[in-house]
Amino acid sequence: MTAVNDVTDYAREGEIGVITLNSPPVNALSFGVRDGLAGAMALAAADEGAKAVVLICEGRTFIAGADITEFGGAQKGASLFDVQEALEGSSKPVIAAIHGTALGGGLEVALCAHYRVAVPSAKCGLPEVALGLLPGAGGTQRLPRIVGPQKALEMVTSGQHVPAQQCLEMGLVDELVEEGKLREGAIAFAKKVVAEGRPLTKVRDSNAKVEAARGHPEIFADFRKANARKFRGFLAPEYNIRCIEAAVNQPFEEGIKTERKLFGELVTGPQSAAQRYTFFAERQAWKVPDVPDDTAVIPVNMVGIIGAGTMGGGIAMNFVNVGIPVVLIEMKQEALDRGIKVIRSNYERSRGAKPEVTEARMALISGSLEMEALADVDLVIEAVFERMDVKKEIFTKLDAICKPGAILATNTSGLNIDEIASVTKRPEAVIGLHFFSPANVMKLLEVVRADHTSKEVINTSMKLAKKIGKIAALVGVCPGFVGNRILGARQREAQKLVFEGAMPWDIDRVLYDFGFPMGPFAMSDLAGLDIGWVKEKSKGETIRDVLCEMDRRGQKTGAGYYDYDENRVAHPSPVTEKVIKDFVAKSGVNARDISDQEILERCIYPMVNEGAKILEEGKAIRASDIDIVWQNGYGWPAYRGGPMFYGDLVGLDMVLAKMKEFQATMGDQFKPSALLEKLVAEGKKFSDLK
Ligand code: T1G
């Protein structure tokens with residue numbers, strides 16, 4: 001065995017040369033790995049005893065892509081293309097042995113081998129699109145030559161990790177070997193290739209599938225049309241499509257040039273910078289500096305949920321989905337029955353639902369009208385309506401009923417959890433688990449740390465969040481926590497802009513074009529303008545009051561801020577316009593023309609400023625956690641990173657200048673946060689904060 005470098009070694013087993021990479025955590029194609037591969041291939045080529053070469057990785061996975069941390073830095077070491085040339089151009093068969101996830105550049109390396117074998121648990125994919133990129137090492141030209149253009153389009157625009165069995169069926173791998181016996185299986189396969197004198201198949205030369213698609217531009221037109229809504233605002237999906245088109249319409253080498261040109265445009269652009277930032281931000285969010293990863297974890301084998309309404313039901317589904325039984329508590333039998341019925345219909349209506357799976361999950365749900373039924377659960381999540389007195393009453397009872405060591409959690413979306421905890425004798429067991437509606441769908445979980453919450457309870461909650469498939473961020477207790485607090489800043493300005501002359505549909509259009517799935521007024525119409533509105537008490541004091549008094553309560557009444565046609569499509573409303581103009585005129589405000597740029601700045605910059613205040617107060621660990629909250633809970637477009645990333649992008653000096661300008665003309669609600677002032681004074685960014 002020869003150590004080529006600190007992450008690569010070369011050995012010979014009989015007549016087979018074996019290159020082994022070992023570069024934790026995921027054998028990413030760092031310059032060290034590239035150098036190692038180039039060096040090992042040279043050794044294998046010179047090794048007369050080696051009739052074939054197996055490329056295998058130690059650790060949890062085959063190469064999981066280019067080293068994302070190297071992007072934007074100076075290129076060092078062997079180029080990936082040279083490494084691929086050495087593999088594909090080898091005079092000896094090269095077999096890639098895949099376990100874990102062969103992703104991005106990793107799959108592109110494997111596609112330069114002459115054969116690929118995998119264990120059944122392996123997966124392959126080209127997920128670069130999730131980083132705002134495209135497979136830049138020949139993946140968009142080689143993949144369609146094996147799986148066909150249609151499947152290649154799906155794989156490069158979804159970034160899906162395709163299981164080994166499907167890869168075998170698509171021809172992406174040539175053989176599945178026994179689980180846990182990859183090395184032996186790969187060497188045996190290599191010996192077979194040598195013994196049978198199999199050809200040095202180069203994927204680049206397999207043109208049949210791309211040629212068959214030539215003259216069928218409808219493949220791409222239909223694909224674009226079918227995914228237009230999903231890809232809206234993102235550059236990378238379209239660039240990936242163009243590369244697959246090039247694979248069909250251009251010779252291989254020309255296609256590679258097209259791929260490199262388009263890759264270059266993406267990797268230097270702001271969208272990929274934002275999405276690469278998000279990749280690391282999502283991984284950082286799990287890390288709590290003062291709660292070491294090896295902090296004790298409380299076993300959670302049974303969960304109690306108080307309230308079987310929309311939130312309670314959705315929350316329950318998360319736990320039974322991973323096999324954790326749930327006890328649902330309600331006040332009345334019909335409410336309990338209704339709640340369980342809704343859960344069942346959610347399962348039955350979900351895509352690809354299997355009756356036996358639904359039954360197994362429903363069997364894990366039991367209901368009771370007695371809180372005492374929660375005596376043995378490991379975690380309770382209270383999900384009842386937002387009234388402090390009701391929450392306190394429940395937590396007082398839970399404190400008496402629940403076993404020692406049980407976690408007492410509240411799903412409140414903004415009430416003071418320290419106050420809730422104060423009615424118990426075990427405030428260290430109290431934590432906020434703020435799910436987002438629909439709780440079985442929305443990825444985000446705000447884990448809210450109260451003053452006395454123990455590190456065990458925090459670590460357990462973060463680990464549990466990962467187990468139920470959520471993206472969690474640890475936040476502190478303050479009104480609205482992180483997400484709703486920042487939403488408040490935006491909504492406040494959106495409402496005020498209407499008062500100053502902008503129309504709801506102008507504001508929605510600006511935020512929709514910015515990348516949000518929906519603007520605040522369309523969102524209000526969807527939720528219903530009459531949430532919290534009391535007809536008897538309504539005196540037309542706000543525009544919303546007036547609209548509700550006119551029975552314009554949103555989509556459900558066919559009219560709200562917008563008018564809705566028979567297909568529920570929203571249209572700017574002359575009725576609402578008149579209501580707003582009359583209301584503004586009556587209040588003596590001189591309406592004015594407001595530019596799209598001002599609308600954007602007035603809505604977004606106060607969000608950045610509020611985020612800075614949250615960091616200042618220590619209610620979030622890091623700026624990127626705030627961005628993770630907004631991307632996964634409030635529809636902030638991934639290709640813009642999040643409010644804090646966006647603040648850094650436009651320049652905190654610009655944000656500060658605008659906040660001061662607004663403060664001077666509109667008042668102290670625009671007062672810049674001290675942290676924002678400090679960072680600008682020091683010429684720093686949020687991303688510089690450690
Ligand atoms: N580069 C650098 N670091 C990486 C990495 C990568 N490609 N992938 C993972 N890490 C780090 C990650 O930050 C974390 O670090 C640790 O590894 C474990 O990751 C030319 C341009 C492989 C499915 O997009 O999807 O190839 O936080 O927590 O949940 O065409 O990581 O511990 O310090 O995510 O088990 C394409 C990205 C790159 C795959 C494992 N490849 N990685 O998931 O662990 S672009 C990808 C993943 C490219 C070429 C192009 C996942 C995983 P830390 P983890 P996991």
Side-chain angles (χ1 to χ4, degrees), residues 7 21-34 37 57 59-73 75 77-84 98-112 121-143 152 155-163 236 239-240 243-244 256 259-269 271-273 275-289 292-293 462-463 465-467 469-472 622 624-625 628 638:
V7 292
L21 297 177
N22 189 5
S23 178
V26 295
N27 290 303
L29 286 160
S30 62
F31 71 88
V33 166
R34 296 193 308 269
L37 270 174
C57 294
R60 68 164 117 182
T61 181
F62 187 77
I63 304 166
D67 187 332
I68 308 168
T69 62
E70 289 187 357
F71 286 157
Q75 192 60 39
S79 90
L80 180 52
F81 308 123
D82 295 344
V83 169
Q84 291 178 294
I98 298 171
H99 76 293
T101 50
L103 301 175
L107 181 57
E108 291 173 298
V109 162
L111 288 171
C112 289
S121 63
K123 293 182 175 166
C124 299
L126 295 174
E128 284 86 345
V129 72
L131 300 168
L133 295 170
L134 54 86
T140 68
Q141 303 307 302
R142 289 189 175 87
L143 183 71
M155 285 181 67
V156 297
T157 56
S158 67
Q160 72 193 108
H161 299 182
V162 181
Y239 275 45
N240 275 275
C243 288
I244 307 294
I256 287 286
E259 179 192 276
R260 285 196 189 149
K261 176 176 169 296
L262 295 176
F263 180 85
E265 289 175 24
L266 289 177
V267 78
T268 52
Q271 290 206 357
S272 180
Q275 290 175 263
R276 294 193 319 257
Y277 161 86
T278 300
F279 176 85
F280 291 110
E282 280 177 358
R283 282 150 184 83
Q284 281 297 310
W286 296 108
K287 298 170 181 162
V288 181
D293 202 40
M462 295 298 276
K463 296 249 177 333
K466 194 172 239 184
K467 181 170 181 179
K470 298 299 183 192
I471 292 179
R622 52 188 80 84
S624 60
D625 289 0
I628 289 300

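Index from 1, following the sequence. Order of appearance sets the numbers: ligands from 1, and atoms from 1 within every ligand.
The minimum heavy-atom distance linking Leu266 with Gly132 is given by the pair CB-O, 3.6 Å. Across every non-hydrogen atom of Ser30 and Asp67, the tightest pair is CB-OD2, 3.6 Å. Here the closest heavy-atom approach between residue Ala472 and residue Ala465 is recorded as CB-CB, 3.7 Å.
For Gln284, no heavy-atom contact with ligand 1 is shorter than 4.0 Å. Residue Thr101 touches ligand 1 through its side chain alone, judged by heavy-atom distances below 4.0 Å. Counting heavy atoms under 4.0 Å from ligand 1, residue Phe71 touches it through the side chain alone. When heavy-atom distances to ligand 1 are checked against a 4.0 Å cut-off, Leu131 comes that close only through its side chain, counted from C-beta outward.
At a 3.5 angstrom cut-off on N or O pairs, Arg60 counts as close to ligand 1. Residue-to-ligand polar distances keep Leu103 apart from ligand 1: every N/O pair is separated by 3.5 Å or more. For ligand 1, the polar-atom distance check against Glu128 finds a nitrogen or oxygen pair separated by under 3.5 Å. Geometrically, ligand 1 and Ala64 share a nitrogen or oxygen pair separated by less than 3.5 Å.
Between Ala28, Gly65, Ala66, it is Ala66 that holds the heavy atom closest to atom 7 (N) of ligand 1.
Using a 4.5 Å heavy-atom cutoff, the side chains of Val109 and Leu80 are in contact. Looking at Leu126 and Glu108, their side chains come closer than 4.5 Å, going by heavy atoms from C-beta outward.
Close approach of ligand 1 to Pro135 is summarised as follows: ligand atoms under 4.0 Å from at least one heavy atom of the residue are 30 (O). Residue contact check: Phe263 has heavy atoms under 4.0 Å from atoms 21 (C) of ligand 1.
Closest to atom 37 (C) of ligand 1, if we only count protein heavy atoms, is Phe279 CE1, 3.5 Å. In terms of protein heavy-atom proximity, atom 2 (C) of ligand 1 is closest to Asp67 OD1, 3.3 Å. The nearest heavy-atom contact from the protein to atom 12 (C) of ligand 1 is Arg283 CD, 3.7 Å. In terms of protein heavy-atom proximity, atom 20 (C) of ligand 1 is nearest to Glu108 OE1, 3.7 Å. Of the protein's non-hydrogen atoms, Val26 CG2, 3.8 Å is the one closest to atom 10 (N) of ligand 1. Among all protein heavy atoms, the one lying closest to atom 11 (C) of ligand 1 is Pro25 CG, 4.0 Å. Ranking the protein heavy atoms by distance from atom 1 (N) of ligand 1 puts Ile68 N, 2.9 Å first.
For atom 15 (O) of ligand 1, no protein heavy-atom neighbour is found at a distance under 4.0 Å. Distance check on atom 29 (O) of ligand 1: every protein heavy atom falls at or beyond the 4.0 Å cut-off. Taking a distance limit of 4.0 Å, we find that atom 48 (C) of ligand 1 is approached by some protein heavy atom. Atom 24 (O) of ligand 1 is approached by the protein to below 4.0 angstrom, counting heavy atoms only.
Counting non-hydrogen atoms of neighbouring residues, nucleotides and ligands closer than 6.0 angstrom, the NZ atom of Lys123 reaches no more than 12 such neighbours. The local environment of CZ in Phe31 is sparse, with at most 12 non-hydrogen atoms from other residues, nucleotides or ligands closer than 6.0 Å.
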task = Check step by step if side-chain contact (heavy atoms from CB on, under 4.5 Å) holds for Ile628 and Glu282.
result = CA-CA 7 Å; Ile628 289 300; Glu282 280 177 358; 3.3 Å; yes
Verdict with reasoning, Val33 to Asn27, per side-chain contact (heavy atoms from CB on, under 4.5 Å): CA-CA 7 Å; Val33 166; Asn27 290 303; 5.5 Å; no
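Phe280 does not carry Arg276 over the face of its six-membered ring by the limits of under 6.0 Å from the centre and within 45° of the normal.
In terms of modelled atom types and a separation under 3.5 Å, the side chain of His99 and the main chain of Gly59 share a donor-acceptor contact.
The closest approach between a heavy atom of Lys287 and any atom of ligand 1 is below 4.0 Å. Within the structure, the closest approach of Gly139 to ligand 1 does not fall below 4.0 Å when heavy atoms are considered.
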Could you tabulate the donor-acceptor pairs under 3.5 Å formed by side-chain atoms of residues 133-143, not counting sequence neighbours?
unit_1, atom_1, unit_2, atom_2, d
Thr140, OG1, Glu259, OE1, 2.5
Gln141, OE1, Ala247, N, 3.3
Gln141, NE2, Cys243, O, 3.0
Arg142, NE, Glu88, OE2, 3.0
Arg142, NH2, Glu88, OE1, 2.8
Arg142, NH2, Glu88, OE2, 3.3

